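Structure, as structure tokens:
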2 protein chains.
Amino acid sequence: MKKSTVTTRPSPKVRVLTDIMLAVFRVHGRLLEKGDELVRPLRLTSARWQALGAVALAGSPRSAPQIAVSMGMTRQGAQKQLHALVREGFFEQRSNPRHERSLLYALTALGLHAYAQAMALEVVWARALGEGLPLQDLKQTLRTLDILYERLDSPVPEKGSAS
Amino acid sequence: MKKSTVTTRPSPKVRVLTDIMLAVFRVHGRLLEKGDELVRPLRLTSARWQALGAVALAGSPRSAPQIAVSMGMTRQGAQKQLHALVREGFFEQRSNPRHERSLLYALTALGLHAYAQAMALEVVWARALGEGLPLQDLKQTLRTLDILYERLDSPVPEKGSAS
DNA sequence: TCAATAATGGAAACTGGTTGTCAATATGGA
DNA sequence: TCCATATTGACAACCAGTTTCCATTATTGA
């Protein structure tokens, strides 16, 4: 046991990684906030935009569990949003020939329109955000984030485990 | 107005930026999840760990609004965590000579111990996470995230605004 | 000095996510 | 075929954050 309060002096890499984690937290918070702001005029939020995107990108109606997967959240969480989006006219429920109980969610004209507008807004926003940043740097960042994401799948190392 | 459903064909940079945003969302989710997992044995969560860190790094007791700022969340959100952390013995309230109502939050022995342990766990975790990744790539990623964070401060561009 | 304003804490309502439970529907294997 | 198991939807409880409103305490300027 060392005497100092700080148990271990972390290596530079550990320090940069810690800073990346904190940066991800901050950026995430801002992205949510700005995303909400961006699509508010369309009566959307980031989460609802994401749900519209899940169906729009799939190209055909999708069931709630499918939408949950592509939103990266739980089935029940997605259900909540889907109910709200149906209530507000962005989605409509269609009968599912393959499953009596599990309805499909399809974009209405309103939903399709809102999504197209959101995409257009996002292009403008992203262009401003990336101005002056070399494409190569952005690609590098994306690659690193993807690698970190993959590794975050593997379990947290146990204290002293050798597995 | 174009004929296709997709209004604009985004440039490569816009596409990479969009992917980065999605990656930030995914990584954030995993970081929270894994962070909670990492410090669960210490009876902490990611949020509470962060609150302990705010006071530990400051080096002396801090008021609730100060802690809120360094946690990057609202005053009331931080208050909730602080109440819980006091209730559970990680923090203790001290009178504030400069403000009768606004108490200071100080780490207890338990809080200090838990924070030191969390830091040690994090070092092990971060080391595994960064294994094989060039330090330079990590620095590049951090720099890009920081730049994006800065730019996210500026307001969302208005549709067609020239300001 | 004292009145206006700012900072602070408390509480409530809301958002968007989670987990857990239960009942209904599908599915697959003996 | 039919039973065990898996999916699915609804609902409730909870968590962690937000906003809003109000009462109290500090601060500041006329």
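Throughout, protein chains are lettered first and strands after them, A, B, ... in sequence-line order, and every chain is numbered starting at 1. Fair warning: this is a prediction, and the values are worked out from it, not measured in the lab.
With distances taken from any side-chain atom of B/Ser102 to the nucleotides D/dA16, C/dT8, D/dG9, the minimum falls on C/dT8. The listed nucleotides are C/dT18, D/dG17, D/dG9; the one nearest the side chain of B/Ala47 is D/dG17. Distances from the side chain of A/His83 to the nucleotides D/dA10, C/dG10, D/dA16 place D/dA10 closest. For A/Gln76, the listed nucleotide lying nearest its side chain is C/dT21; candidates were D/dG17, C/dT21, C/dG16. Taking only side-chain atoms of A/Arg75, from C-beta outward, the nucleotide of C/dT21, C/dG16, D/dA16 with the closest atom is C/dT21. For A/Lys80, whose side chain is taken as the heavy atoms from C-beta onward, the closest listed nucleotide among C/dG16, C/dT21, D/dG17 is C/dG16.
Going from atom CG of A/Leu104 over to atom P of D/dT8 covers 11 Å, rounded to whole Å. Look at CZ on B/Arg62: it is 17 Å from C1' on C/dT8, rounded to the nearest Å. Atom C1' of nucleotide D/dG17 and atom CG of A/Asp36 are separated by 13 Å, given to the nearest angstrom. Between B/Arg48 atom CZ and D/dC15 atom C1' there is a gap of 9 Å when expressed in whole angstrom units. For the pair B/Leu85 CG and D/dG17 P, the interatomic distance rounds to 11 Å; values are reported in whole Å. Rounded to a whole Å, the CH2 atom of A/Trp49 is 17 Å from the C1' atom of C/dG16. For the pair A/Asn96 CG and D/dG9 P, the computed distance is 9 Å after rounding to whole Å. Atom-to-atom, CD of A/Gln50 to P of C/dG16 comes out at 12 Å; the value is rounded to the nearest Å.
For A/Lys13 (side chain) and B/Leu133 (main-chain N/O), a donor-acceptor pair under 3.5 Å exists by modelled atom type.
Among the heavy atoms of the strands lying under 4.0 Å from B/Thr45 are primed sugar atoms or P, OP1, OP2 only; no base atom is included.
Comparing A/Pro65 and B/Ala78 against DNA chain D, the residue whose closest nucleotide sits nearer the 5' end is A/Pro65.
In summary, of the residues considered (A/Val24, A/Thr144, A/Leu22), a side chain to side chain contact (heavy atoms under 4.5 Å, CB included) with B/Leu145 occurs for A/Val24 alone.
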Checklist line | Derivation of the side-chain hydrogen bond (donor to acceptor under 3.5 Å, both in side chains) call for B/Ser46 and B/Asp36 | finding: CA-CA 5 Å; B/Ser46 295; B/Asp36 282 347; 2.9 Å; yes

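Dashed line: the shortest gap from a side-chain N or O of B/Gln79 to OP1 or OP2 of C/dT8 is not under 4.0 Å. The shortest distance between the side-chain N/O atoms of B/Thr74 and the OP1/OP2 oxygens of D/dG17 is not below 4.0 Å.
A salt bridge does not link A/Arg40 to A/Glu37: none of the charged nitrogens lies less than 4.0 Å from a carboxylate oxygen.
Between A/His28 and B/Phe25, the ring-plane angle classifies as perpendicular under the 30° and 60° cut-offs.
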